[in-house]
Enquirer: 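If you scroll down you'll find the structure; I have some questions about it.
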Amino acid sequence: SVEGMQRNVDRLKEYMSKLVYLTNRKRKSKKSQDSRAKLKECRQNTHKHIIPIPRAKYDPARAITADDKKFMAFSTLRIQRAEQRLVGPRQKAKASKKEADN
C-alpha cells in the first residue's frame, strides 16, 4: 500500500540521518572528518532494534453484537465487486436502451 511504503521511506530516511560513516582511507574527505568529530559524541546503539518501528494502535476487544452476527462480509464484498465490475456494461445498456426508445 502507499501508506506502508511512505512509512518505510520515512523510517529509512530517519535511519540514514542517524548513520555515521567512517573511512580508513588516507585521502580523507570533508564528510569523514565531520564524522570523526561526531564519533566522540556518539555512542554504540545497544538496542535490539536499530530504529524501533512504532506499532499500529488497534481498537480494544469488544463483545459481538446482533448486527455483527447478521452482517455477511463475504457476500457484501462480492456484491460490491460485482457492482464495480458491471458499471460500464450497465451504462452502455442504459444508453442503448435510451437510443432505442428515441
Side-chain angles (χ1 to χ4, degrees):
S1 71
V2 177
E3 295 87 17
M5 179 74 152
Q6 190 58 44
R7 280 195 310 261
N8 199 22
V9 167
D10 292 340
R11 187 175 60 85
L12 290 174
K13 284 182 181 178
E14 179 185 357
Y15 171 75
M16 292 300 288
S17 70
K18 292 181 179 182
L19 193 64
V20 177
Y21 176 76
L22 299 174
T23 181
N24 289 331
R25 299 174 84 179
K26 292 183 179 180
R27 180 183 53 158
K28 295 181 180 178
S29 66
K30 185 174 184 180
K31 184 176 181 179
S32 66
Q33 289 173 356
D34 292 340
S35 298
R36 295 251 181 229
K38 284 183 181 179
L39 181 63
K40 294 177 183 175
E41 302 168 8
C42 295
R43 57 189 181 95
Q44 182 69 33
N45 187 355
T46 57
H47 294 286
K48 181 178 179 182
H49 303 290
I50 294 174
I51 297 177
I53 300 172
R55 297 290 171 197
K57 295 178 182 165
Y58 297 103
D59 294 333
R62 59 180 175 83
I64 298 173
T65 62
D67 291 335
D68 291 339
K69 288 181 180 180
K70 280 193 269 182
F71 180 71
M72 293 195 244
F74 184 74
S75 54
T76 303
L77 286 173
R78 282 183 54 119
I79 291 168
Q80 291 297 321
R81 286 182 187 139
E83 286 178 4
Q84 185 179 11
R85 187 181 70 240
L86 297 173
V87 166
R90 286 181 179 161
Q91 287 177 348
K92 188 176 179 182
K94 197 176 193 180
S96 64
K97 185 178 179 183
K98 194 173 189 180
E99 285 181 19
D101 290 342
N102 287 335

Enquirer: Name the atoms and distances for all side-chain donor-acceptor pairs under 3.5 Å in residues 87-94, with sequence neighbours left out.
Expert:
none

Enquirer: In terms of heavy-atom contacts, does CD of Gln84 have more than 12 from other residues, nucleotides or ligands at under 6.0 Å?
Expert: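 Not buried by this count: 12 neighbours or fewer within 6.0 Å.
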Enquirer: Show every donor-acceptor pair shorter than 3.5 Å between a side-chain atom in residues 7-15 and any protein atom, with sequence neighbours excluded, or say none if there are none.
Expert:
from  : atom 1 : to    : atom 2 : distance (Å)
Asn8  : OD1    : Arg11 : NH2    : 2.7
Asp10 : OD1    : Gln6  : NE2    : 3.2
Glu14 : OE2    : Lys18 : NZ     : 3.3

Enquirer: Got a sec: does the CG of Leu77 have more than 12 other heavy atoms crowding it under 6.0 Å?
Expert: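 Counting neighbours around CG of Leu77, more than 12 heavy atoms of other residues, nucleotides or ligands fall under 6.0 Å, so yes.
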Enquirer: Taking salt bridge (Lys or Arg N to Asp or Glu O under 4.0 Å) as the definition, give me every residue that meets it alongside Asp68, ordered by chain and number, with sequence neighbours left out.
Expert: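 Only Arg62 meet the salt bridge (Lys or Arg N to Asp or Glu O under 4.0 Å) criterion with Asp68.
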